[in-house]
Undergrad: 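Right, I'll just put the structure down here and ask away after.
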2 protein chains.
Amino acid sequence: MVKAFVTSVDVAQRAGVSRSAVSRTFTEGASVSPEVRRKVLQAAQELGYRVNRLAQGLNNSSSNLVGVVGANLSLPFMAKQLDMLSIGLLRRGLQCLLLNAADARSDIAPLIELIFEFRARAIVVLSGEPPMSIVDECLANGVKLIVINRQLARSDTDIILSDDIAGATLAAERLKAAGCQKVAVVTSGSGTPTQLRRCEAFSDVMTAAGTDIVVWHDGPTTYETGLKAARELLSDRQIDGAFCVTDIMAIGFLDGARNDMGRRVPEDLSVIGFDDIPQASWRSYELTTIAQSFEVLTEAVLAALDHELGQSVITNVPVALIERGTVRR
Amino acid sequence: MVKAFVTSVDVAQRAGVSRSAVSRTFTEGASVSPEVRRKVLQAAQELGYRVNRLAQGLNNSSSNLVGVVGANLSLPFMAKQLDMLSIGLLRRGLQCLLLNAADARSDIAPLIELIFEFRARAIVVLSGEPPMSIVDECLANGVKLIVINRQLARSDTDIILSDDIAGATLAAERLKAAGCQKVAVVTSGSGTPTQLRRCEAFSDVMTAAGTDIVVWHDGPTTYETGLKAARELLSDRQIDGAFCVTDIMAIGFLDGARNDMGRRVPEDLSVIGFDDIPQASWRSYELTTIAQSFEVLTEAVLAALDHELGQSVITNVPVALIERGTVRR
DNA sequence: CTCTCCCTTGAACACGTGTGCAACATTGCA
DNA sequence: TGCAATGTTGCACACGTGTTCAAGGGAGAG
C-alpha cells in the first residue's frame, strides 16, 4: 500500500471545518451553510476526495450492492438479461455484484453466502435454485430476494416468471394451425423449471388435440444440443413440426434440419422457438418464436426492489407470438 | 431494517470467549487453540454468523472487489469475455463489481469513480477509454489498472492487446491467396482503437500488394451494420472479397450478401471476420475468421492482477486463422 | 525449584463514515 | 431590549472488523 485514500478528515482539515461538515456537504438534505459547503467542495476537489462506500455501508449496515447470480453468461438470452439488468441497476444508483455460477447446475449457495457477506441490499437469481434456508435468512436480515424463472414454492418472495404456459400454448396452437401431424418437442437435459413448464404445457395442448408428439431431451441448453436433436429426430420423416423450448436450441435444430437432414423449412417442417433472442431475427433463420419482453422483465426486477420485505409479488411477463418464416402459413 | 446481522460479538458471547478469538478463528494462519476454535465454530454455526466484508474492507482499506467496466454485454464477444473473466475472478477469491457503460461511446469516468469509492483492488476496462487522470489516481491509491484492447499511451499500466495487426495481416494474405481483386473493409463508425488498427493493418498489406480496396464504416458494431454494409457495397459487382473487422458484422454482411444481394459465398465473394465468436461456427455461416483465444485473454487479465503496481506489462494475445467455408480455397 | 521459551488470550486501537444531541449564532417579532 | 424560533456547527458515538501488545500459563531444561 503506497498511500491511503483521502478521507473526510483530510478534507475537513484543509477546509478548516469539522468533519461533520464534510459529511453533511455530501449528504443529500443535510444542513450546511453555503459558505461552508463551498469551502468543503473546493478542498475535496483539490485533494481528490471520494466517499468510502465500505465505511458508508458499514455505518448504515447495508450497501448499495445488489448481488446477481447467473450462469452461462455467453448464451444470448442470459447475456441480454444481464445487460439490461445491470444498466437498470446503475440508473437507480445501485451497483451490481456479479456472481457467475459457471454451470447452470452448480450449487449457488456459496455465491449467495458471498452476497450476504457484502451486506447487499438484494439478491437477484437468474440461474440455479436457491436453497430454501436462504429465503428465511434473507427475510431475517432484511435482504430482498428476487427470483427469475425459478421454481420456488414460497409465498413470501418476489418471483418473476415468463408466462411459459401461455407461450407454450401459443406455440402449440400455431403448429396445429399449420397443420402439423407429428410434432417433436426439443428440450435440454438440464430440466430447469422453465423448460419443464414449457414442455409440459405444450404436450398437454397437443395430446388434448390428438396430435402425435415425441419428446426429446438431452445435453445442455446450447446450439449444439439443437443440432444433435435434429440429427437424431429427423430420421423419422413423419415429423413435420418442432417446438424447441429455447431459441438457441431452435437455431441449432434449424441448422441441423436444413443442412444435415435435408429438410425445407417451413415447407417440410415447421419450427418454433422461445425467447426471441437477437439471433432469431437474423436473415439466415427468421425464426418464428415466442417473445418475452426483456424490457418488461427488467422493469419487473427493478420494481421488485422497492417492494416491502416478505411481500410476495408474482409477476408474469407476458408473451407474444412473433411470426417470422419458420412455420407454414 | 428488521434485525441486524449476527456479529462477531454475538458469537464471542455465545462461545464464552473474546471477540479476538472469533476473528482469529476465521483468519488463516492465526493462533487459536483447537478447543477455542471448536467452540467458536459451533457458536457461529448456530447463530448463522457471516463476516461483514464491508467492515473487513474498511479495516484493511481494500476490498476483494474488482471493478469491471464493459458495454454492450449482449454482443457475443463481450458476453464471452465477461463470462470467462467473472468465473476466473471468483475462482481467485475476488468479486466482480460490474459497471455497464451501456453505450460503447459513453463516458466511463463516473463508473471508474464508483469503483474507487468501493476501494476495489483493481479496475478492468473492457470498453471505453479511461481518462488519463485516472491512471495516476490508480497508481497513487494502489489500485491496479488493467486495460483490454484499448488505446492507452502509458508505460506504467497493464495493457492487454489482441494482436490486431498480425490478425489483419493474416486476413489480408488469405484473401490475396484466394485471388481477390477488389476487396472491401467493413468497420463500424465507432472508431474503437481495435477496429482502427485492424482496418489500417489490412489496408496497408492490400495497398502494398496493389489490390483495390474500399473502406466502409458506419453505425455501431452490430449485425445490422454488417447487413447494411453488404447492401450498400455489393451493388459494385467487382467486389469479390471482404474483411469485416468483427465477426458480428461479418455475419450480418454474409446474410446481406447471400439473401439480399444474391451473392454466392465463397464462389462469388470471400468473407473473413475477426474474433471467432460462437456464432461464427454455426452451420449457416461457417465463417472463416481470425480467432483470439478467450482463454489466453482471460488468463492474461488474471495474471496481471498479481503484477507489481506501476509495472507495465503489455500482453499480446496471439491470433490464428480459422479456416471454415467463407473464403475460396 | 527456577528460568526461559513458546503458545494462547483478551484489551485496545484504527479503519472512515452518518447522525443525535447540545451548544451556539442569527434573525424576527413584540 | 428581551425572547422565541430557526439555522448551523462540533463533539461523540456506533457500525464490525483485524491486529498489535502485553500479560498469562504451561512445559521443558538446567
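Residue numbers begin at 1 in each chain, while the letters A, B, ... track the order of the sequences. Because the structure is predicted, anything quoted here is derived from the model rather than measured.
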Undergrad: Identify, residue by residue, the members of residues 12-21 of chain B with a heavy atom below 4.0 Å from DNA chain C, and return them in order of residue number, or none.
TA: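 DNA chain C contact set from residues 12-21 of chain B: Ser18(B), Arg19(B), Ser20(B).
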
Undergrad: Test the Arg50(A)-Phe5(A) pair against the cation-pi criterion, namely NZ or CZ under 6.0 angstrom from the six-membered ring centroid and within 45° of the ring axis.
TA: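 So Arg50(A) doesn't make the cation-pi contact.
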
Undergrad: Are Ser162(B) and Asn149(B) close enough, and set up right, to give a side chain to side chain donor-acceptor pair (under 3.5 Å), and what steps lead you there?
TA: CA-CA 7 Å; Ser162(B) 57; Asn149(B) 283 337; 3.2 Å; yes

Undergrad: Between Glu35(A) (CD) and dA25(C) (P), how many Å, whole number?
TA: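 Atom-to-atom, Glu35(A) to dA25(C), this comes out as 17 Å.
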
Undergrad: Lys39(B) has an atom NZ; how far is it from atom C1' of dT8(C), in whole Å?
TA: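 Rounded to the whole Å, the gap is 13 Å.
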
Undergrad: I would like to know whether Phe294(B) and Phe77(B) meet ring-ring contact (aromatic ring centres under 6.0 Å, His included); could you show each step before the answer?
TA: CA-CA 9 Å; Phe294(B) 288 101; Phe77(B) 180 68; 5.5 Å; yes

Undergrad: Counting N and O atoms only, with roles assigned by atom type, does the side chain of Arg105(B) sit under 3.5 Å from a partner on the main chain of Asp103(B), one being a donor and the other an acceptor?
TA: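 Side chain of Arg105(B) to backbone of Asp103(B): no pair is present.
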
Undergrad: Looking at Ser61(B), I'd like to know whether one of its side-chain N or O atoms comes within less than 4.0 Å of OP1 or OP2 on dC15(C).
TA: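 For Ser61(B), the contact criterion (side-chain N or O under 4.0 Å from OP1 or OP2 of dC15(C)) is not met.
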
Undergrad: Could you tell me how far apart Leu47(A) (CG) and dG16(C) (C1') are, to the nearest whole angstrom?
TA: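 Taking CG of Leu47(A) and C1' of dG16(C), I get 15 Å after rounding.
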
Undergrad: Give Phe26(B) one of three labels, base, sugar-phosphate or nothing, depending on what nucleic acid heavy atoms sit under 4.0 Å from its own.
TA: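 Contact class for Phe26(B): none.
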
Undergrad: For the helix from dC1(C)-dG30(D) to dA30(C)-dT1(D), how many degrees between its two end axes (five pairs per end), to the nearest 10°?
TA: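 Its terminal axes enclose an angle near 40°.
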
Undergrad: Arg50(B) near the nucleic acid: base, sugar-phosphate alone, or nothing, with a heavy-atom cut-off under 4.0 Å?
TA: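 Here Arg50(B) touches the backbone only, sparing every base.
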
Undergrad: Identify whether the distance between the nearest side-chain nitrogen and carboxylate oxygen of Arg19(B) and Asp10(B) falls below 4.0 Å.
TA: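 No, Arg19(B) and Asp10(B) are not salt-bridged.
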
Undergrad: Which of these nucleotides, dG16(C), dT19(D), dT19(C), is closest to any side-chain atom of Ser23(B)?
TA: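 The answer is dT19(D), which lies nearest to the side chain.
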
Undergrad: Give me the residues of residues 52-59 of chain A where at least one heavy atom lies under 4.0 Å from an atom of DNA chain C, by number, or none.
TA: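 Residues of residues 52-59 of chain A under 4.0 Å from DNA chain C: Asn52(A), Ala55(A), Gln56(A), Asn59(A).
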
Undergrad: Knowing that exactly one of Leu90(B), Asp83(B), Leu89(B) qualifies, which makes a side chain to side chain contact (heavy atoms under 4.5 Å, CB included) with Ile87(B)?
TA: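 So the option named by the test is Asp83(B).
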
Undergrad: Could you tell me the separation between the CD atom of Glu28(A) and the P atom of dG18(C), rounded to a whole number of Å?
TA: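 After rounding, the reported distance stands at 13 Å.
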
Undergrad: Roughly how many Å is it from CD in Glu117(A) to C1' in dG16(D), rounded to a whole number?
TA: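 Nearest whole value for this atom pair: 13 Å.
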
Undergrad: Rounded to whole angstrom units, what separation is found between the CZ atom of Arg119(A) and the P atom of dG16(D)?
TA: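 Value for this atom pair: 8 Å.
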
Undergrad: Using a 4.0 Å heavy-atom cut-off across all strands, classify Val36(A) as base, sugar-phosphate, or nothing.
TA: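 Result for Val36(A) = sugar-phosphate.
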
Undergrad: Kindly indicate whether the side chain of Cys96(A), heavy atoms from C-beta on, has any atom under 4.5 Å from the side chain of Val66(A).
TA: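 Side chain of Cys96(A) against side chain of Val66(A), heavy atoms only: no contact under 4.5 Å found.
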
Undergrad: When only distance counts, do a donor and an acceptor, one from the side chain of Arg24(B) and one from the base of dG10(C), lie under 3.5 Å apart?
TA: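 Pair found.
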
Undergrad: Between Ser293(A) and Val296(A) (side chain of the first, backbone of the second, donor and acceptor by atom type, cut-off under 3.5 Å), is there such a pair?
TA: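 At least one qualifying donor-acceptor pair exists.
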
Undergrad: Is the backbone N or O of Ile160(B) less than 3.5 Å from a side-chain atom of Thr315(B), with the two atoms forming a donor-acceptor pair by type?
TA: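 Not confirmed, Thr315(B) side chain does not pair with Ile160(B) backbone.
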
Undergrad: Take the protein atom CG of Asn60(A) and the nucleotide atom P of dT19(C), then report the distance between them rounded to whole Å.
TA: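 Taking CG of Asn60(A) and P of dT19(C), I get 7 Å after rounding.
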
Undergrad: What nucleic acid atoms does Ser31(B) come within less than 4.0 Å of, heavy atoms only: base, sugar-phosphate, or nothing?
TA: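 The answer is base, as Ser31(B) lies within the cut-off (heavy atoms under 4.0 Å) of a base atom.
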
Undergrad: Report yes if at least one side-chain N or O of Ser33(A) is closer than 4.0 Å to OP1 or OP2 of dT8(D); otherwise report no.
TA: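 Ser33(A) to dT8(D) OP1/OP2: no side-chain N or O under 4.0 Å.
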
